[in-house]
A.B. asks: 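Dumping the structure here so I can ask a few things about it.
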Amino acid sequence: SLWPLRYLGATPVFADIDPDSWCLSADSFKQSITPRTKAVMPIDLYGNIPEMHRIRAIARARGLAILEDASDALGGKYLGRHAGSLGDVAVFGFDRVETLTAGEGGMVVTNCDRLACNIGQSLGDAGFDYRISPMQAALGVAQLERIDDLASRKRQITLWYRQALGGVASLKFSVPTSGSTCLPSEVTVVFDASTRLTSAMVVDEAAQRGIECKPMFRPASSLDAYGGSLQARVAQSRNRVSYELSQRAVSLPSGSHLSRRQMEKVAAEVYSLVARDRGVRPHRQIAA
């Protein structure tokens, strides 16, 4: 989401995330506004949607544009409005991990004709080629026609995981923002700080068992591209939630073709890791 800012020479100010939804914290956003701030970019992380009514109120009071990255939340809603309709402009990405995938590519949406015209003109003036191939476009259209089925499947997989691992005290799932209908693009869990488990440890252990997990996204301010910048240094001391969670959160296999049996195998291995960390034998079994 940040690379276009670098192309344009803009400076990102890194706000923290909410500890429950893992999306942009409205309070942190308010505290992060500077006299030079022009816009806010809330990201619907893993299908969750931030408190957009609060973010909109803060942005409107300061005259800031709202650029919503709704890639992960396609099909979700917040206070009755679809993800992607909550800002002045929204973007959707269609890479391989999204609920709706075209392999690559994306889409910009807005209700403002003037903005739509300006965006189209800007893409041409910038000299970047953002066109996707006809084959990818056809795949995206076919996926869109079955988006309800894909969304239902994602909800089913999330429910399976919550049923299998919801009773594990050392694990925490994200909590949907009040008023939102969450459509998780990936099922992600956080290991409690009381355990010794880290994202890297879990990903490595799972790989040895033939299970592909992914660590949670790193805070953008920790990327090498921003190393040493003033805003990155500020973020590293201020954004405690994002830095803490990124060390202990893992995305579990969540593809739409995942079977119940495969999910149960993943859940059993995750539970085994937690039990071993606690130094106890698992007191229950999950069918594998």
Side-chain angles (χ1 to χ4, degrees), residues 1-2 4 15-26 28-29 39-56 59 65-111 140-141 143-159 161-162 172-190 214 216-217 219-220 241-242 245-246 249 251-256 258:
S1 302
L2 293 178
D16 207 355
I17 60 175
D18 178 84
D20 294 321
S21 71
W22 311 339
C23 293
L24 175 65
S25 160
S28 182
F29 159 47
V40 58
M41 184 186 292
I43 298 174
D44 301 337
L45 189 66
Y46 299 132
N48 281 334
I49 301 174
E51 294 181 295
M52 286 302 296
H53 72 289
R54 294 187 60 201
I55 291 173
R56 287 173 63 89
I66 302 174
L67 314 177
E68 180 189 5
D69 184 342
S71 300
D72 283 2
L74 180 64
K77 291 184 178 182
Y78 180 76
L79 299 180
R81 296 180 59 176
H82 283 282
S85 68
L86 302 169
D88 301 300
V89 174
V91 295
F92 292 97
F94 301 137
D95 69 20
R96 63 185 181 84
V97 301
E98 306 297 354
T99 301
L100 190 159
T101 179
E104 259 303 344
M107 181 181 293
V108 182
V109 298
T110 179
N111 282 332
V141 170
Q143 293 276 294
L144 184 60
E145 290 175 349
R146 57 189 293 260
I147 187 61
D148 290 339
D149 292 337
L150 293 171
S152 176
R153 184 65 178 168
K154 287 287 189 177
R155 291 192 175 96
Q156 180 65 68
I157 291 169
T158 302
L159 178 62
Y161 273 121
R162 287 182 177 271
K172 177 184 177 182
F173 290 85
S174 63
V175 179
T177 306
S178 177
S180 70
T181 303
C182 177
L183 178 56
S185 59
E186 298 180 43
V187 177
T188 304
V189 294
V190 172
K214 297 189 304 181
M216 186 180 191
F217 289 120
V241 178
S242 56
L245 289 186
S246 67
S251 291
L252 306 177
S254 309
S256 58
L258 189 75

A.B. asks: Examine Phe173 together with Tyr161 and report whether their ring centres are nearer than 6.0 Å.
C.D. replies: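 Ring centroids of Phe173 and Tyr161 are no less than 6.0 Å from each other.
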A.B. asks: Can a donor-acceptor pair be found, under 3.5 Å and without considering hydrogens, that links the side chain of Arg153 to the backbone of Leu258?
C.D. replies: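 Here the side-chain-to-backbone pair exists.
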A.B. asks: With a 4.5 Å cut-off on side-chain heavy atoms, are Phe29 and Arg54 touching?
C.D. replies: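 When only atoms from C-beta onward are counted, Phe29 and Arg54 do not touch, as no gap falls below 4.5 Å.
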A.B. asks: Just by modelled atom types, is the Leu150 backbone N or O under 3.5 Å from a matching donor or acceptor in the Ser256 side chain?
C.D. replies: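 No, Ser256 side chain to Leu150 backbone: no donor-acceptor pair under 3.5 Å.
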A.B. asks: Hey, are Ser185 and Glu98 close enough side-chain-wise for a donor-acceptor pair under 3.5 Å?
C.D. replies: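 The answer is no; no qualifying pair exists.
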A.B. asks: Do Glu68 side-chain atoms and Gly84 backbone N/O form a donor-acceptor pair below 3.5 Å?
C.D. replies: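 Here the side-chain-to-backbone pair exists.
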A.B. asks: Verify, without hydrogens or angle tests, whether Ser246 (side chain) and Ser242 (backbone) share a donor-acceptor contact under 3.5 angstrom.
C.D. replies: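 Yes; judged by distance alone, with no hydrogens or angles, the pair exists.
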A.B. asks: Just by distance, do the side chain of Thr158 and the backbone of Lys154 share a donor-acceptor pair under 3.5 Å?
C.D. replies: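 It does hold such a pair.
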A.B. asks: Determine the minimum heavy-atom distance between Pro50 and Pro42, stating which atoms define it.
C.D. replies: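 Nearest pair, atom of Pro50 first, then Pro42: CG-CB, 4.0 Å.
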A.B. asks: Spell out, as yes or no, whether a donor-acceptor pair under 3.5 Å connects the side chain of Thr177 to the backbone of Ile49.
C.D. replies: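 Indeed, once roles are kept as given, a pair shorter than 3.5 Å links the two residues.
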A.B. asks: Heavy atoms only: give me the nearest Pro19-Leu245 pair and the separation to one decimal.
C.D. replies: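 Heavy atoms of Pro19 and Leu245 come nearest at O-CD1, 4.2 Å.
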A.B. asks: Do the side chain of Ser180 and the main chain of Cys182 share a donor and acceptor less than 3.5 angstrom apart?
C.D. replies: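 No; zero donor-acceptor contacts below 3.5 Å.
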A.B. asks: To check you understand the geometry: which heavy-atom pair defines the closest contact between Leu100 and Gln143, and what is its length?
C.D. replies: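 Residues Leu100 and Gln143, closest heavy atoms: CG-CB, 3.8 Å.
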A.B. asks: Is there a side-chain contact between Asp20 and Lys172 (heavy atoms, below 4.5 Å)?
C.D. replies: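 They are in side-chain contact.
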A.B. asks: Could you check Glu186 against Ser254 for side chain to side chain donor-acceptor pair (under 3.5 Å), going step by step and ending with a plain yes or no?
C.D. replies: CA-CA 5 Å; Glu186 298 180 43; Ser254 309; 5.8 Å; no
A.B. asks: Between Asp69 and Ser71 (side chain of the first, backbone of the second, donor and acceptor by atom type, cut-off under 3.5 Å), is there such a pair?
C.D. replies: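 Checked: pair present.
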A.B. asks: Under a 3.5 Å threshold, yes or no: a donor from one side chain and an acceptor from the other, between Asp18 and Ser25?
C.D. replies: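 Checked: Asp18/Ser25 side chains show no N/O donor-acceptor pair below 3.5 Å.
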A.B. asks: So with a 6.0 Å cut-off around NE2 of His82, is the heavy-atom count from everything else above 12?
C.D. replies: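 12 or below, so no.
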A.B. asks: Would Ser174 and Asn48 count as a side chain to side chain donor-acceptor pair (under 3.5 Å) here? Give the steps.
C.D. replies: CA-CA 8 Å; Ser174 63; Asn48 281 334; 2.9 Å; yes
A.B. asks: I need the minimum non-hydrogen distance between Glu104 and Asp95, along with the two atoms involved.
C.D. replies: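 So the two residues come closest at OE2-CB, 4.0 Å.
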A.B. asks: Could you check whether the rings of Tyr46 and Phe217 sit parallel, tilted or perpendicular, using 30° and 60° as the cut-offs?
C.D. replies: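 Aromatic pair Tyr46/Phe217 classed parallel.
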A.B. asks: Minimum heavy-atom separation for Ala70 to Ala83, with atom names?
C.D. replies: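 Looking at all heavy atoms of both residues, the shortest contact is CB-C, 4.0 Å.
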